[in-house]
Amino acid sequence: MSRRITTGLTCAALACSGGAFIAGCGDDDEGSGSAATTEAPASTGEAAAPAAEEGAAIEVSMKGNKFVPETVTAKVGQTVTWTNDDGYPHDVVATDGEDFKSDKFAKGTYDYTLDAAGEIKYVCTLHNGMTGTITATE
């Protein structure tokens, strides 16, 4: 399992990485993560990002104090990338199914590579109600 936070990436750089661009929240701290594939629609009524090619990162945006999409599906070994589009700090902390925790970051991204199949629930500890779910498959 690897975790990484990068800062200073542009929307164009993220879009060119092969996944759909989705924003995140936080400040300039670093962390690491793994890959996932987005397929399920968000429970907020927003559509999920298109499924990424096998091995490609799954993109989740942190925008408006929400994870967008809120629910994604990925394969074990894929990386989920959260991008803060709010411009103020957020973090990504697993609450069930895995054990990862980013630092707070206002710019940049946080990545987590999925280690095992199952459902992973996560939150932003800075914003009540900001939750997400990853379904990791073999």
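Residue indices begin at 1 and follow the sequence shown. The basis for the numbers below is simple: all heavy atoms, side chains too, and nothing from hydrogens, waters or symmetry mates.
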Between the CD1 atom in Ile134 and the OG1 atom in Thr137, the distance rounded to the nearest 0.5 Å is 12.0 Å
Closest non-hydrogen contact found for Thr81 with Ala57 is OG1-CB, 3.8 Å
Here the pair of heavy atoms bringing Ala136 nearest to Ala116 is CB-O, 3.4 Å
d(Cys124 SG, Lys66 NZ) to nearest 0.5 Å is 14.0 Å
When rounded to the nearest 0.5 Å, the distance separating OG1 of Thr135 from CD of Glu119 is 5.0 Å
Residues 127-138 vs salt bridge (Lys or Arg N to Asp or Glu O under 4.0 Å), sequence neighbours excluded, gives none
Assess whether side chain to side chain contact (heavy atoms under 4.5 Å, CB included) is satisfied between Thr125 and Val123, documenting all intermediate values.
CA-CA 6 Å; Thr125 63; Val123 300; 4.0 Å; yes
Rounded to the nearest 0.5 angstrom, the CG-OH distance for Asp96 and Tyr122 is 13.5 Å
When rounded to the nearest 0.5 Å, the distance separating OG1 of Thr133 from CD of Glu70 is 6.5 Å
d(Leu126 CG, Asn65 CG) to nearest 0.5 Å is 9.5 Å
Original post:
Hey, are the side chains of Glu98 and Asp115 touching, using non-hydrogen atoms and a 4.5 Å cut-off?
Top reply: yes
Contacts of Thr95 meeting side chain to side chain donor-acceptor pair (under 3.5 Å) (sequence neighbours excluded), chain-then-number -> none
Practice item. Evaluate the ring planes of Phe100 and Trp82, with Trp represented by its six-membered ring, and classify them as parallel (under 30°), tilted (30 to 60°) or perpendicular (over 60°). Key: tilted
**Prompt:** Does the pair Lys75 and Leu114 meet the rule for a side chain to side chain contact (heavy atoms under 4.5 Å, CB included), with working shown?
**Reply:** CA-CA 7 Å; Lys75 293 191 179 270; Leu114 299 171; over 6 Å; no
In this structure, is the centre-to-centre distance between the rings of Phe67 and His127 below 6.0 Å?
no
Scanning both residues in full, the closest heavy-atom pair of Val93 with Lys101 reads CG2-CG, 3.7 Å
